[in-house]
Amino acid sequence: MGFVANTSINLGLAILAAILCAYIAPAAAGSGIPEVKAYLNGIDAHSILAPSTLFVKIFGSIFGVAAGFVVGKEGPMVHTGACIANLLGQGGSKKYHLTWRWLRYFKNDRDRRDLITCGAAAGVAGAFRAPVGGVLFALEEAASWWRSALLWRTFFTTAVVAVVLRGFIEFCRSGRCGLFGQGGLIMFDVNSAKNSYSSADLLAVIILGVIGGIFGSFYNYLVDKVLRTYSIINERGPIFKVLLVAAVSLLTSCCSYGLPWLSHCIPCPSYLEADRCPTVGRSGNYKNFQCPAGHYNDLASLFLNTNDDAIRNLFSSGTSKEFHLSTLLVFFVAIYCLGIITYGIAVPSGLFIPVILAGASYGRLVGNLLGALSDLDTGLFALLGAASFLGGTMRMTVSLCVILLELTNNLLMLPLVMLVLLISKTVADSFNQGVYDQIVKLKGLPYLEAHAEPYMKNLVASDVVSGPLITFSGVEKVGNIMHALRLTRHNGFPVIDEPPLTPAPELCGLVLRSHLLVLLKGKKFTKQKTMTGSDIMRRFKAHDFAKAGSGKGVKLEDLDIKEEEMEMFVDLHPITNTSPYTVVETMSLAKAAVLFRQLALRHLCVVPKTPGRPPIVGILTRHDFMPEHVLGLYPHIVNRHK
């Protein structure tokens, strides 16, 4: 009856989460960190930060974690913070009647990007109660562009998070908020453990780092294979997504309820009072699970517990005899495998908690094996194991180090945590990429790396520009603009001034597709080819051309241009960016790629080196720097470079 009740409740919560994800906001499935990372790199994928995604992310994550899946809430909280920041950055949501006029100040690409970076940092700070770790996470993993002003803005954001968290924890200390607030701002305090270590312990830490790197890279490899398999199933429709979630839920429930039967009952430690061991009717270290009075089941104490309490059990100090070696081994294998098959289903799911649980279990296993040979407590070995597995999967160093120290309140472990993170990252990097980088690539998002590929040094900018190039005159016929907008999906067009406006053709600047649509909808046309910039400036306000929120911009289908208006002219000078970034056609493609990324550009104009030619050769966009495009044009270039 207990198994049926446990499985039924888990299955019901899992199906609720799956229905939300499959039918309302498919973009809410998964961690969300790869999508936020891609957005901050300049990729505005469909609905990744929409209000519907925010709603499903919050409630889907609650149902998913409560359903007993081996998932965490940390990744979804980063995505949630980014969604809230995006909602503020676009002035609210007209669709849901949530708009604020004062937020128009943020309706530009740079401020919106800064807000979303702060939102991601706030998500980490709230999930781990680690404000400084949140700032460093945004700097190291999330943001592609960083500046000094953004540092204090993210720091201010996470400081506010810490103050608000502290206030709620104080309010909930009496137990009126359930499990929230337990442990204060320090979630897994290991400060009471003995921190002295010897040279032999350093060797054990190095071995842990190597193990974490190997396990982490293999974990990433298996996650990639599982995601590719799930994508085939998920493409068949929402009902198949729900069925997949239900199947994984049943498997998880069978493991969490069935595996503890393999474990033997252990007598409660003599120094504990009867009300502390075994723990009945609440979460804690010592689960009774079918054992006689005064005994507990160590495997049930890990499986049939909240994720946070399971981590506390593994990190606990002075309890080297609490878990058998076989228990730690079974738990590690189960969490390792369940974490792999759970990530990718239609449920908001973070990777931090499964990785910490698996790493802590094999770390504690190593600590128990060393026994008296080591001066370090087994709880500290669990911490180092978690750090090694995190470094091996996510390939972060500074931010993970600070997050772990803020989680555990043990600054004396800093040298060992730094060492194990560096070793595990170095070992894992020799096999494959970090898990978030793999997922970004798997989703087909055109992510620009911080460095140029080596083969780009053998090419110049003009080698990869896509054609044919479509340009507009400074005063252009409406019909020509409409034809170009219908024919292409380009988001930027060069504007060229020609005689008699200028002595010779010259590049005036760049006009955006969204601005053209707004201009055409206003219908400030003339029958003669004349400049009417002052009239247009009086007709429109600056906020008319501000970046629209998701689904709110003017579309080509919204335009109602009559046949006689097609022969009229419109002046493009008022909406043209007259100072676009340009590079000469002979510039190295590697330099152009670095410039494009560091300046956070969307278009880079390529101009001729010699006079007497058309004033522009082409436009470089993100697509032109992608390895698939470059190697498709020059497949021999890699072999020649080698």
Side-chain angles (χ1 to χ4, degrees), residues 34 37-46 144-145 224 228 231 432-434 437-472 483-496 505 507 509-513 577 580-642:
K37 184 176 178 177
Y39 183 90
L40 294 176
N41 190 258
I43 305 163
D44 195 358
H46 180 65
S144 292
W145 303 284
D224 182 72
R228 292 179 188 276
S231 65
N432 51 27
Q433 291 180 301
D437 295 319
Q438 285 190 173
I439 295 169
V440 166
K441 187 176 181 180
L442 186 64
K443 288 178 177 287
L445 301 173
Y447 188 86
L448 278 177
E449 297 292 345
H451 56 83
E453 298 292 340
Y455 55 77
M456 289 185 177
K457 296 177 183 177
N458 300 321
L459 298 170
V460 295
S462 61
D463 289 335
V464 298
V465 288
S466 302
L469 181 65
I470 297 176
T471 62
F472 294 139
H483 178 72
L485 293 177
R486 289 195 186 105
L487 190 66
T488 71
R489 297 176 62 189
H490 298 336
N491 285 295
F493 300 89
V495 176
I496 297 176
L507 179 64
L510 196 72
V511 64
L512 296 180
R513 183 187 191 93
N577 174 15
Y581 283 96
T582 60
V583 295
V584 70
E585 61 182 336
T586 54
M587 175 182 266
S588 164
L589 185 62
K591 287 185 179 180
V594 173
L595 179 72
F596 190 92
R597 187 186 190 276
Q598 288 183 347
L599 294 177
L601 301 180
R602 191 174 187 181
H603 304 96
L604 184 60
C605 298
V606 181
V607 297
K609 185 177 182 180
T610 55
R613 295 167 57 191
I616 184 166
V617 175
I619 293 182
L620 288 172
T621 63
R622 178 178 295 268
H623 164 75
D624 298 312
F625 295 106
M626 290 295 105
E628 296 80 8
H629 173 69
V630 179
L631 297 178
L633 294 173
Y634 305 97
H636 62 282
I637 198 74
V638 177
N639 294 329
R640 194 178 79 182
H641 179 73
K642 289 179 179 178

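Everything numeric here is computed off the predicted structure, so don't read it as measured data.
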Query raised in the report: Do any N or O atoms from the side chain of Glu585 and from the backbone of Val606 form a donor-acceptor pair under 3.5 angstrom?
Result: no
**Report entry** Rounded distance (nearest 0.5 Å) linking atom CE of Met456 with atom NZ of Lys591
**Finding:** 15.0 Å
Report task. Considering only NZ, NE, NH1 and NH2 on the basic side and carboxylate oxygens on the acidic side, decide whether Arg228 and Asp224 come within less than 4.0 Å. Result -> yes
Report summary line: Note: Phe596 and Thr621 closest approach over all heavy atoms is CZ-C, 3.9 Å
Query raised in the report: Below 4.5 Å, heavy atoms only, C-beta onward: do Ile43 and Arg622 meet side chain to side chain?
Result: yes
Query raised in the report: Got more than 12 heavy atoms from elsewhere within 6.0 Å of OH, Tyr447?
Result: yes
Report summary line: Between the CG atom in Leu445 and the CG atom in Asp44, the distance rounded to the nearest 0.5 Å is 11.0 Å
Query raised in the report: Quick one: does Val583's side chain get under 4.5 Å of Leu595's, heavy atoms only?
Result: yes
Query raised in the report: Which pair of heavy atoms, one from Leu604 and one from Ala592, lies closest together, and at what distance?
Result: CD2-O, 4.1 Å
Query raised in the report: Are the side chains of Leu448 and Met626 in touch, meaning some heavy atoms are under 4.5 Å apart?
Result: yes
Query raised in the report: Any side-chain heavy-atom pair from Thr582 and Leu507 closer than 4.5 angstrom?
Result: yes
Query raised in the report: Going by heavy atoms in the side chains, are Lys37 and Asp437 under 4.5 Å from each other?
Result: yes
Query raised in the report: Does Tyr455 use its side chain to pair, donor to acceptor, with the backbone of Tyr634 at less than 3.5 Å?
Result: no
Query raised in the report: Any side-chain heavy atom of Leu510 sitting closer than 4.5 Å to one from Phe493?
Result: no
Query raised in the report: Can you name the nearest heavy-atom pair linking Ser144 to Leu40, along with the distance?
Result: CB-O, 3.6 Å
Report task. Answer whether the closest heavy-atom distance between the side chains of His603 and Leu620 falls below 4.5 Å. Result -> no
Report summary line: Taking every heavy atom of Ile616 against every heavy atom of Ile619, the minimum-distance pair comes out as CD1-CG1, 4.2 Å
**Report entry** Closest approach of Val630 to Val464 (non-hydrogen atoms, all atoms of both residues)
**Finding:** CG2-CG1, 4.2 Å
Query - Considering all heavy atoms, the nearest Pro608-Pro615 contact - result: CD-O, 3.4 Å
